[in-house]
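For reference, the structure discussed in these notes is given below.
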Amino acid sequence: MKILVMAGMLAAPLALAEPTAREVQDIHLRDFHTKGMVKKEAVAQDAVQRICTMSNDRPSAEVAKQLEADQMRSIAFPAGSLLGDWKRGENIAQSGRGMTFTDAAGTPNGGSCYNCHQMAAKEISYGTLGPSLQGFGKKRGADAETQKYAYGKIYNAKAYNACSQMPRLGWSGTLTEQQIKDLVAYLLDPASPVNQ
């Protein structure tokens, strides 16, 4: 009996060892299946995600700077104003629809922003994973540089923080250029509930 207890004690640390990034990837690829418009490949990590996983979201400053520069080059900034319609932006921010296996191809996606951020004072339910965006435009203004920052952050947050947990909504094709412009307006327009 004593031998069994000792053997169990020796094996316990092995059982508690965290899986490697490769093991997690293999489990995802084994257990996730293509269904409807959701493709199995969606769970595969790209190089940036792998580096963040392997470094526990703390790559060296030099590596993070290079990753962010690479991601910045991926942002397709449209010419002209980056402000769309804040009312459409509010609908996009509050919508969690799209890209699920029950959605028909071509269904407009929402941004699901409310899952991670508080945006307007009137909201009674919101996530706290990301910072509050209440008063975003009121604090920062809506000049061209602020528009560009907000557009870029929504398009590809990893350009500003390599291991950001925020989805790359433009880079991934989740949101269109116009939808991102509408979200920028929702954040920056003085009439938007975000800035009341």
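The two atoms that bring Ala157 and Met166 nearest to each other are CB-CB, 3.7 Å, heavy atoms only. Looking at every heavy atom in both residues, Ala64 comes nearest to Pro59 through CB-CG, 4.0 Å. For Tyr160 against Glu68, the heavy-atom pair with the smallest separation is O-OE2, 3.9 Å. Between Leu169 and Ser172, the shortest heavy-atom distance links the atoms O-OG, 3.6 Å. Closest heavy-atom contact between Ile180 and Gly170: CD1-CA, 3.7 Å. Summarising the geometry of Ser74 relative to Trp171, their closest heavy-atom pair is OG-CD1, 3.5 Å, with the distance given to 0.1 Å.
Residues meeting the side-chain hydrogen bond (donor to acceptor under 3.5 Å, both in side chains) test with Asp26, sequence neighbours left out: Arg22. Among residues two or more places apart in sequence or in another chain, the side-chain hydrogen bond (donor to acceptor under 3.5 Å, both in side chains) test is passed with Arg73 by Asp70. Remark: Gln147 engages no residue in a side-chain hydrogen bond (donor to acceptor under 3.5 Å, both in side chains) (not counting sequence neighbours).
A salt bridge links Arg168 with Asp46: the closest approach of a Lys/Arg side-chain nitrogen to an acidic carboxylate oxygen falls below 4.0 angstrom.
The closest side-chain heavy-atom distance from Tyr151 to Glu177 is below 4.5 Å. Side-chain contact between Pro193 and Tyr186 is present, with at least one heavy-atom pair separated by less than 4.5 Å. For the pair Glu123 and Gln134, the minimum side-chain heavy-atom distance is 4.5 Å or more. Counting only heavy atoms from C-beta outward, the side chains of Thr174 and Pro167 never approach each other to under 4.5 Å.
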message = Under the criterion side chain to side chain contact (heavy atoms under 4.5 Å, CB included), I'd like the reasoning laid out for Val184 against Ile154: C-alpha separation, chi angles, the key distance, then a yes or no.
response = CA-CA 8 Å; Val184 171; Ile154 295 166; 4.2 Å; yes
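Interatomic distance, Leu188 CG to Tyr149 OH, rounded to the nearest 0.5 Å: 11.0 Å. The line from CG of Leu183 to CD1 of Ile92 is 5.0 Å long, rounded to the nearest 0.5 Å. Of the inter-residue distances, the one linking Gln71 atom CD with Tyr155 atom OH reads 10.5 Å to the nearest 0.5 angstrom. In this structure, CD in Glu23 is found 11.0 Å from CD in Glu18, a value given to the nearest 0.5 Å. Note: Gln165 CD to Cys52 SG = 8.0 Å, rounded to the nearest 0.5 Å. Put simply, NE2 on His117 and OG on Ser132 are 9.5 Å apart, with the number rounded to the nearest 0.5 Å.
Membership of the apolar cluster around Val48 extends to Ile51, Val63, Leu67, as traced through chained side-chain contacts below 4.5 Å between ILVMFWY residues. Applying the under-4.5 Å side-chain rule to Ile, Leu, Val, Met, Phe, Trp and Tyr, the cluster around Met54 consists of that residue alone.
Contacts classified as salt bridge (charged side-chain N to carboxylate O under 4.0 Å, His left out) and involving residues 81-98 (residues at least two apart or in different chains) are given here: Arg88-Asp182, Glu90-Lys122, Arg97-Asp103.
The number of heavy-atom neighbours closer than 6.0 Å to OH of Tyr126, taken from other residues, nucleotides and ligands shown, is 12 or below.
Although no hydrogens or angles enter the test, the distance criterion places a donor-acceptor pair under 3.5 Å between the side chain of Gln196 and the main chain of Pro190. Of the possible donor and acceptor atoms, one in the side chain of Gln179 sits under 3.5 Å from a partner among the backbone N and O of Asn109. Of the possible polar contacts, one joining the Lys158 side chain to the Ser164 backbone as a donor-acceptor pair under 3.5 Å is found. At least one donor-acceptor pair closer than 3.5 Å links the side chain of Thr53 to the backbone N or O of Gln49.
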